[in-house]
Novice: 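Structure provided below as structure tokens; questions to follow.
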Protein chains: 2
Amino acid sequence: MRAADVAAAAGVSTTAVSFVLNGRDAGSISAATRARVLKAAEELGYRPNHIARSLRQRSTSSIGLVTDAVASSPFGGRLLAAATETAEASDQVLLMMDIGHRTGRVGEAIAALEHRQVDAIIYATMGFTELAEAPESRIPLVLANCVAPTPGPSSVSPDDAGGATAALEHLADLGHQHVVMLGGHYDPGNPNSGNISGPIRWDAFRRAAERRSVEARHVGTGWQIDDGHAAALTALDAPPGERPTALFAVCDRIAAGALLAAAKLGLDVPGDVSIIGFDDQEALAGHTVPALTTVALPHAAMGEAAVRMALDAVSGGSETPEHLVLPCPLVVRGSTAPPPMGAG
Amino acid sequence: MRAADVAAAAGVSTTAVSFVLNGRDAGSISAATRARVLKAAEELGYRPNHIARSLRQRSTSSIGLVTDAVASSPFGGRLLAAATETAEASDQVLLMMDIGHRTGRVGEAIAALEHRQVDAIIYATMGFTELAEAPESRIPLVLANCVAPTPGPSSVSPDDAGGATAALEHLADLGHQHVVMLGGHYDPGNPNSGNISGPIRWDAFRRAAERRSVEARHVGTGWQIDDGHAAALTALDAPPGERPTALFAVCDRIAAGALLAAAKLGLDVPGDVSIIGFDDQEALAGHTVPALTTVALPHAAMGEAAVRMALDAVSGGSETPEHLVLPCPLVVRGSTAPPPMGAG
DNA sequence: CTGTTAGCGCATTCAT
DNA sequence: ATGAATGCGCTAACAG
């Protein structure tokens, strides 16, 4: 089933077939010929060989996606799904390559993808990361969920600081005067190491607290449920009057651990303590009891934006790299409320 | 940078270059020529254009992966990561296409991938699914985490029944005489609808219970944390003597909800109640407090096997479809223990 | 042992 | 308005 077959069936040349099927027939193909070609193509169920077309056009309509274990992160899927969907909408396809945690292999992966003639490359990391240096690429590159030293390639990243600020504002508006942030500090044994969300969130949270004159401390490290459980136990270990009335978890898993700790302590959430998370993790934040008030990480938006930027770059868009910082909206659910009477 | 450039630099023909670089030089290329080609290629940093090679060889060394929202499922990532890694080890690449929950589009996605000339296709679903009919494909197709009516294409699926049986055996061995399974029934509003794990697990669990003469009931529906929380509250609402001593959650999220419910009830896990999950969900099962004893879903093994089977089929392996059923091993952690004294 | 040559399927320039 | 001819970069018969 080749263009030549269609041409033969329609009694025209392959040129005519190519022109008609690619919409290049303005003023050069008669309506009659056009109709015959369309009919023949339809009947034969013809679809151009994408490989041959790619070779000829020097463009594969595919973009390479190299991931730093995004494929195995709890919310990396959101980015992936949005990226594939956006790509598909433009008749593009994503070529995946996961380097696990071996970040040294980014170059290799990019090179392999380049030789497959992808039109552009997206490098997406699991956690928000500050790259020591931008990966090398001969073709358009966009960074998703990470940034490189300026001037670096285009990037899309989440406004972690804005999200943390919003979290504190929410708590302050509710009347909390004494809050503690849980978890997230640098942890050498953790694959999240390059992750800079912890310090960014704490910093923004602390500053916002100062502005609103609320007392803020930081307790515990880590990113997992058990880390959150331990941190909350420590933070909540105080007589009612001195106990924090709200907990800001560095991520939803930490918040889930805090929820468990509160339950064990016989504390009601949000009656006795408010808990607010970060990430809006799928199948977690919206389903805890009570459902978690949290700050949403814009993974879907990042996936979509990354593909869009890559496509723009391919079609010769602006030369100057673009640095998109996407908002992290507050999602209010049931785990936050005003502090109990007389607390503080 | 083409083969011709390398040939020119080495002072040989492109044939020599092609033969040397593809290892077809046995007894047809002199050592001297071979060395010159290698040196020139090295110096020029030559890498063959994969597209041109694909066109010529009618094989793209890439396999299409269409997913039913696996990309956004909590553990779909494990399958993805293993699949990409296995593919990479054979110099293959994965072309991703996610159809979200619009299962009607499988055909479309497969067709699109076929026109991209992928060598084989893998269709992977989020939950273990029984397909009403096998997707159509002109090229080798393997089903991952789902099966079609026989005779269908090759497939890899988890031994859910075996896992559920192992869970009961574990509980019975510990001495539990009264257990209840939590969650998982068919739920029309749930995207997991085609998922047959619920009934399969309950069925196997119930039968195993009969064999061991332990009393088993089923309580609650759903697959999320809050569903588990509600189900556990119901199951545990009985005086100590009549209360079940162990809970088997249809999945780890349900188990997490049960853990939370137990904490609220002031019940110790595993001291007062044992809880066992299913899935061994990343960042969840191993990090609850206590860590969850659970049955592991072999997602990584399925991803690897699917790619391997697809590759075998491409290289003209056995014609007859193969149906791999992978074991779901019990992972004993801290949430199960013998029942409390005098319980029943 | 080595080089010449002919496609793979398509898009496109250049005659007609 | 249409078609013949050319080439994208590579591999592999085939001839030398």
Side-chain angles (χ1 to χ4, degrees), chain A residues 1-41 44-62 91 112 114-119 138-139, chain B residues 1-41 44-62 91 112 114-119 138-139:
Chain A
M1 195 38 356
R2 304 164 309 153
D5 298 326
V6 177
V12 300
S13 73
T14 60
T15 308
V17 174
S18 177
F19 272 44
V20 171
L21 265 34
N22 291 305
R24 298 238 179 306
D25 56 347
S28 63
I29 296 287
S30 71
T33 305
R34 183 183 152 75
R36 289 224 307 287
V37 169
L38 254 21
K39 179 158 162 288
L44 297 176
Y46 172 74
R47 291 274 301 257
N49 179 317
H50 206 277
I51 296 296
R53 169 198 285 253
S54 295
L55 178 59
R56 179 62 228 242
Q57 298 188 150
R58 294 149 171 290
S59 158
T60 54
S61 300
S62 57
D91 275 306
E114 279 176 347
H115 289 114
R116 292 240 177 200
Q117 319 298 128
V118 298
D119 297 344
R138 313 155 54 109
I139 59 182
Chain B
M1 193 41 357
R2 302 163 310 153
D5 298 328
V6 177
V12 300
S13 73
T14 60
T15 308
V17 174
S18 176
F19 272 39
V20 170
L21 265 34
N22 291 306
R24 296 239 181 305
D25 55 348
S28 62
I29 297 286
S30 71
T33 304
R34 185 182 149 74
R36 291 224 306 286
V37 169
L38 255 19
K39 178 157 164 289
L44 297 176
Y46 172 74
R47 291 272 302 256
N49 179 318
H50 205 276
I51 295 297
R53 170 198 286 251
S54 295
L55 178 59
R56 181 62 229 239
Q57 299 189 151
R58 292 147 172 289
S59 159
T60 54
S61 300
S62 57
D91 275 308
E114 279 175 347
H115 288 114
R116 292 244 176 194
Q117 320 296 130
V118 297
D119 298 343
R138 314 155 52 110
I139 59 182

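Here is how names work: the chains are called A, B, and so on, in the same order as the sequence lines, proteins then strands, and each is numbered from 1.
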Novice: When you check the phosphate oxygens OP1 and OP2 of D/dG9, does a side-chain N or O of B/Y46 lie under 4.0 Å from one of them?
Specialist: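 Result: no.
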Novice: Can you find an N or O donor on one side and an acceptor on the other, under 3.5 Å apart, linking the side chain of A/T15 with the base of D/dA4?
Specialist: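 Yes.
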Novice: Please answer whether the main-chain N or O of B/T14 pairs with a side-chain N or O of B/S18 as donor and acceptor at a distance below 3.5 Å.
Specialist: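 Checking the backbone N and O of B/T14 against the side chain of B/S18, no donor-acceptor pair under 3.5 Å is found.
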Novice: Take the protein atom CD1 of A/I29 and the nucleotide atom P of C/dT12, then report the distance between them rounded to whole Å.
Specialist: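 In whole Å, C/dT12 P and A/I29 CD1 are 13 Å from each other.
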Novice: What residues in residues 51-61 of chain A put a non-hydrogen atom under 4.0 Å from any atom of DNA chain D?
Specialist: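 DNA chain D contact set from residues 51-61 of chain A: A/L55, A/R56, A/R58.
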Novice: Is there a side-chain contact between B/S54 and B/Q117 in this structure, where contact means two heavy atoms from C-beta onward sitting under 4.5 Å apart?
Specialist: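 Heavy-atom side-chain distance check fails, nothing below 4.5 Å.
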Novice: Grab the CE-C1' distance between B/M1 and D/dG9 for me, whole Å please.
Specialist: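 It works out to 12 Å between those atoms.
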Novice: Does A/S30 have a side-chain nitrogen or oxygen under 4.0 Å from the phosphate oxygens OP1 or OP2 of D/dT2?
Specialist: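 Result: yes.
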Novice: What is the separation between atom CZ on A/R36 and atom C1' on D/dT2, rounded to the nearest whole Å?
Specialist: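 Checked: the CZ to C1' distance equals 11 Å.
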Novice: For a quick test of reading the model: is some side-chain N or O of B/R24 closer than 4.0 Å to OP1 or OP2 of D/dA12?
Specialist: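 True: B/R24 side-chain N/O within range (under 4.0 Å) of D/dA12 OP1/OP2.
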Novice: Figure out the CG/C1' separation between B/N49 and D/dC8, and round it to whole Å.
Specialist: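 After rounding, the reported distance stands at 8 Å.
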Novice: To the nearest 0.5 Å, what is the distance between CG (A/L21) and CZ (A/R47)?
Specialist: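 Here the rounded value is 10.5 Å.
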Novice: Distance check, rounded to the nearest 0.5 Å: A/R116 atom CZ versus A/T60 atom OG1?
Specialist: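 Here the rounded value is 11.0 Å.
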Novice: Starting from C1' on D/dC10, measure out to CZ on B/R2 and report it in whole angstrom.
Specialist: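 So the two atoms are 11 Å apart, to the nearest Å.
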Novice: With a 4.5 Å heavy-atom cut-off, do A/V12 and A/V17 have their side chains touching?
Specialist: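 The answer is yes, as the side chains (C-beta and beyond) meet within the 4.5 Å cut-off.
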Novice: Rounded to the nearest Å, what distance is computed from the NE2 atom of residue A/H50 to the P atom of nucleotide C/dC10?
Specialist: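 Atom-to-atom, A/H50 to C/dC10, this comes out as 12 Å.
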Novice: Nearest-nucleotide wise, let me know which of A/F19 and B/T33 is further upstream toward the 5' end of DNA chain C.
Specialist: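 Checking each residue's closest nucleotide, the 5'-ward one belongs to B/T33.
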Novice: Let me confirm one number: the NZ-CG distance from B/K39 to B/L44, rounded to the nearest 0.5 Å.
Specialist: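 Taking NZ in B/K39 and CG in B/L44, the distance rounds to 10.0 Å.
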Novice: At what distance, to the nearest 0.5 angstrom, does CZ of A/R56 lie from CG of B/L55?
Specialist: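 So the CZ of A/R56 and the CG of B/L55 are separated by 12.5 Å.
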